[in-house]
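The next block holds one structure in the form of structure tokens; read it before the comments.
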Amino acid sequence: MIEMFQEWYENRHEYAREWKKKNPDGKVLGYFCTYVPEEILYGANVLPVRILGSHEPQNVTEPHIFGMFCPFCRDCLAQGLEGRYDYLDGIMIAQSCLHIRQAFTSWHLHIPVPFSYYLPMPHHVQSPRAYTFLTEELKVFKKAVEDWTGRRITDADLDRGIEIMNRSRRLMKQAFETRKADNPPMTGLEAMYMSVSNQWIDKEEHSNILEIVLEKDLPGRDVGKSDVPRLILLGSEDDDTAFVKMAEDCGSVFVIDDHCTGTRYFWNEVQPREDRLAAIAARYVDRPACPTKDWPRRSRLDHVLELAQDWNVAGAVVIQQKFCDPHELDIPPQRKNLGENDIPSLFLELDVTVPIGQFRIRVEAFLEMLSQEDLF
Amino acid sequence: MLTAGIDIGAKTIEIVILDDGKIAFQNLTVAGYDVRESLKKAWEDIEAQSGIKLDGIKKIVATGAGRKDTIYASDTITEVSAAAKGALALNRDIRTVVDVGAEEGRAIKVDSAGKVMDFAINEKCAAGAGAFTEAMARALEVPLEELGPLSLQSTQAVPMNAQCAVFAESELVTLVHNKTPKPDMARAIHDAIADRIVSMVRRVGLEEKVMLIGGVARNIGFVTSLKRDLETEVIVPEDCEYVGAYGAALAAAGK
Amino acid sequence: MAKYPTEPLKLWNKAKEIRETFYRNYAEAHDKGGIRWAGGAWTFDAVPAGLGEDVYSLTSEPYGASLAFNRKLSLECLEATENAGWSRDLCSYMRNYWGSIIINKYAFGGPFPKPDFIWQDHICCSHAKWYQVVSELEGGIPMWCVDVAAGGCEPFMGLSPARIDYVAGQLLDGIDWLEKTTSRRFNDELYIEACWNDFRSTHKWAEICLLNQAVPAPLDEKSMYSLYVLATLQKSWKVIADFYEELYKEVEDRVKRGIAAVGNEKYRVISDTQPPWGFLKVFRYLEKFGCVSIGSLYTFGLEGMWNYTEEGQMIPRAMPDHKPKDREEATRMLVDWHLHKPEYQHFYSPKFKSDFMTAIANDWKLDGIMLHYNRGCEGLSLGIAENRLALQKAGYPVMTFEGNMGDEREFDEARTMQRIDAFMETLGAEQLEE
């Protein structure tokens, strides 16, 4: 059943169209950032789908987004301009970085959708003021969704939305915990299919399959990765499956990650409390931070190091989208911190398509270097 | 009355001479390090081949990157205006001019009166035109003039990054190592440049009819990729490299 | 023979002196027993003013621009930053600033003076992180940063009480933090005065920019940079609020007498985003065509305070009708005032900035707009491609040129001049006789 995730990854639009047919009263909302509070959307019977690019060269975004912004945000906008997401009933973004924000604002200006929402997700998540602020903003957002869908979202709906999201997070974390094993039962590529598909498949359906995979597929599964360097994948948004496959084919395995199509998306749960919106707000304020929100203290340093150590990695592959300012501001201290804790790192700059051959050389050299540690 | 236009480009210098507004003679010279020397030689060649003397020309207007470097012209206009003038004189229905030379690509929007409404010039990211093709031809060990026809033999499209010329060259190395057939790589190169040029055309907005001028218009591979990408007919005039100089000559003739 | 009479600005030297005093005060703060802090041009500088009358600051962006203006020193700073492992496409002000610390050279002479604390704002991706690195470079400096990304203002978005509470709450918490960090008692009276001067400076600057609607324009953008910068340095300083009142009178007088900034003014344009600081000659080049840049949303609205009316006009925001009576009221008024800043609005949609720019184009009687696609600042270049489309749709010719406000290696002078030539041709402008 684990192949299901790859199938979902490769057929996102077909899935969404099918979902709409099966749920004629339902709505599909495209979202641009993982700070979007999906609990409220599930509570409203809306299917949230993360908008990602397609890793193809394109020539349609030049009039809309200045070329110095990251290729990922331009790739996302291109999908909209090329009509691939024409089934969307709405779009939204939760405030994070400036680059992806332009994909949203240009989409809003040029691709008509009935519902469009900008959620001012606070950046100062290390301040207690962020909790109150976000809770108030979620009240406004909830009202906007009610107006859009034409039905009230009750506490019971929110509880349902919270449980759908929490269940998915629990199961994803469980699945990722299995990769701590000396012989991880899945490859990094399979984990990527699992976590990216999670961002555009109905969560309940995804969780149902994931439960079966956890119960039946993974126990005792051998993917032949017991004796290769274990790696952590760090960085900007990344769903470059071609890259991950190549790196693992060179003789390695990604056992954990910190990027926003990976663990940053599902890491922590909503802690239930009477005020459901406050509970949801707290979850998003407390989650592993995007660099734009990781200040004044660098909380990501400890978090990433803990992941790397708990999953017993030998090295880190740092992938940064070209021009990604937030990660460029974090990567030097991250690499330094990892290095001081005996975890060497390989830094690579990604575009929407990558020079696989050139990257293979670098990955192979890095893996050789890591293997030398064993020899000496 | 004789007037002339000189287009001093990065690689070549074109001179067009008009007699009462009609093309009397054209000359193309390689632009050497010393532009004055190159121009001096060009005028000597023109006199030898056509009998037209420099001092018989009433007015000369220069255009191109090196337009301010010449003592011969009494006036200058930019490549943008020159291309617009020249293109419209050749075909009054042209509304979008795409000018691709060695180092720059330009997209120019004109109205029916020949007025430049908007223009875009390729920038740091997605820069690279003719010079890029030359570098790629060298990498493939194919003579430049054969690269275009070779690409027409391609049987499949191989995507190549269209944003950054440096990244694209890296990808070509990968394709070579993967033993991708040369015609497919040749096509990938032209598709990549065409993609960057089309990105730029979209900035000014595509309006038919479209004319392609400049030295790179001689490359049948590029023209094919461009037509495919734009999904529209593209007119390539016979003397595509001379259109800028022609426009400057028209400006000299007060047209 | 010039078309209009010209005169140098009488207050030019005073502006220079104020600026020099500001930078000297920061460097010599400790010698006078005072304290000093560093933070951004959008930080709430009125707040640390409540710590006493001997509190001096260094403002990041204008300091970065000062470095960029000195091309030789700038290159040293940029290379030092790159050698320290930082990426070249990061904010160029920030890279210049870090480099200045790394090579320990203050742009105004001597070693780089370390701040006692950091008091910063956060709107773009870099602001807070900028000072995170500054603190790390200096071995640790106490830092407080206020997130101002709380949504846009009317008529574009609604500034709800919750949004004001969020920013005001961070400032009030910050005041407690300042007391602990500096061991000084916060003086609410000084604070209220500083807030009031902040309102005065930014209101008056907008009124001065409004005077540029006159034909001929009494000020040109290149000169305006040296004048608006004072508000970026310390808008809550009484000296600057007073200066702008004096300046307003002088510029108003210039308008009455028809004094032009550029004697052969024939074409009026605005630019936008910061200019390439190492190449301000671009503005002198425009004058050869009788073309003058009379400002930008950047010069008008980075520090100037405006309203955008329902009728599509940009008008100076009226001063509050009363002085705040206590700390809480001062803080809420300060936040409300600042969140109406025009240069914040495009962080929520490029359309809001396009509306402002179209208003300028209409009311300041423009012939065209020149957009600097500034690789050095993702915050102000945010949405610039959409601004271009919107301005063209509104019927204005727009030219673009790529460059970098603080990294001269990314500015191609010859190519930019060529683009200007082509743009002037489209406007019908010819190079005038010398």
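Everything quoted here is computed from the prediction, not taken from an experiment. To find a chain, count down the sequence lines: A is the first, B the second, and so on, and within it residues start at 1.
When each of Lys293(A), Glu328(A), Lys336(A) is scored by its heavy-atom pairs under 4.5 Å with chain C, the top score falls to Glu328(A). The most heavy-atom pairs under 4.5 Å with chain A, out of Met143(C), Gln170(C), Glu378(C), come from Glu378(C). Chain C forms the most heavy-atom pairs under 4.5 Å with one residue out of Cys324(A), Pro120(A), Pro128(A), and that residue is Pro120(A). For chain A, the option among Cys124(C), Gly151(C), Cys145(C) with the highest count of heavy-atom pairs below 4.5 Å is Cys145(C). When each of Val140(A), Ile93(A), Leu134(A), Thr105(A) is checked for heavy-atom pairs under 4.5 Å with chain C, Thr105(A) comes out on top.
Using a 4.5 Å cut-off between heavy atoms, Arg297(A) contacts chain C through its backbone alone, with no side-chain atom that close. Asn374(C) touches chain A through its backbone: at least one of N, CA, C or O sits under 4.5 Å from a heavy atom, while the side chain does not. With a 4.5 angstrom heavy-atom cutoff, Thr132(A) does not touch chain C via any of its atoms. Both the backbone and the side chain of Phe347(C) come within contact range of chain A, each with at least one heavy atom under 4.5 Å from a heavy atom of that chain. The part of His99(A) that comes within reach of chain C is its side chain, from C-beta onward, which places non-hydrogen atoms under 4.5 angstrom from that chain. Interface remark: Arg101(A) contributes side-chain atoms only to the contact with chain C (heavy atom separation under 4.5 Å). With a 4.5 angstrom heavy-atom cutoff, Phe69(A) touches chain C only via side-chain atoms. For chain A, no part of Gln120(C) is nearby; none of its heavy atoms comes within less than 4.5 Å. Using a 4.5 Å cut-off between heavy atoms, Glu137(A) touches chain C through its side chain atoms alone.
Between Leu98(A) and Leu382(C), the closest heavy-atom pair is O-CD1, 3.4 Å. Across every non-hydrogen atom of Gln102(A) and Ser381(C), the tightest pair is OE1-O, 4.2 Å. In this structure, Ser126(C) and Leu329(A) approach most closely via the heavy-atom pair CA-CD1, 3.9 Å. Between Pro63(A) and Ala385(C), the shortest heavy-atom contact is O-CB, 3.3 Å. Across every non-hydrogen atom of Gly85(C) and Pro332(A), the tightest pair is O-CG, 3.7 Å. Minimum interatomic distance between Trp86(C) and Pro333(A) (heavy atoms only, all atoms of both residues): CH2-CD, 3.8 Å.
For Asp147(C) (side chain) and Pro122(A) (main-chain N/O), no donor-acceptor pair under 3.5 Å exists by modelled atom type. In this structure, the side chain of Gln95(A) engages the main chain of Ala149(C) through a donor-acceptor pair within 3.5 Å. Under the 3.5 Å distance criterion, the side-chain polar atoms of Lys129(C) are matched with a main-chain donor or acceptor of Asp294(A). Distance alone, capped at 3.5 Å, places no donor-acceptor pair between the Arg375(C) side chain and the Met68(A) backbone.
Taken to the nearest 0.5 Å, the CG atom of Leu109(A) stands 9.5 Å off from the CG atom of Leu389(C). Expressed to the nearest 0.5 Å, how far CZ of Phe323(A) lies from CG of Leu90(C) amounts to 11.5 Å.
With salt bridges taken as basic N to acidic carboxylate O contacts below 4.0 Å, none links Arg163(C) and Glu136(A).
Tested against Arg129(A) for a side-chain contact (heavy atoms from CB on, under 4.5 Å), the candidates Val146(C), Asp173(C), Val167(C), Leu171(C) yield a single pass: Asp173(C).
Between Trp295(A) and His122(C), the two ring planes are tilted [angle within 30° to 60°].
The number of heavy atoms from other shown groups lying within 6.0 Å of NE2 (His108(A)) does not exceed 12.
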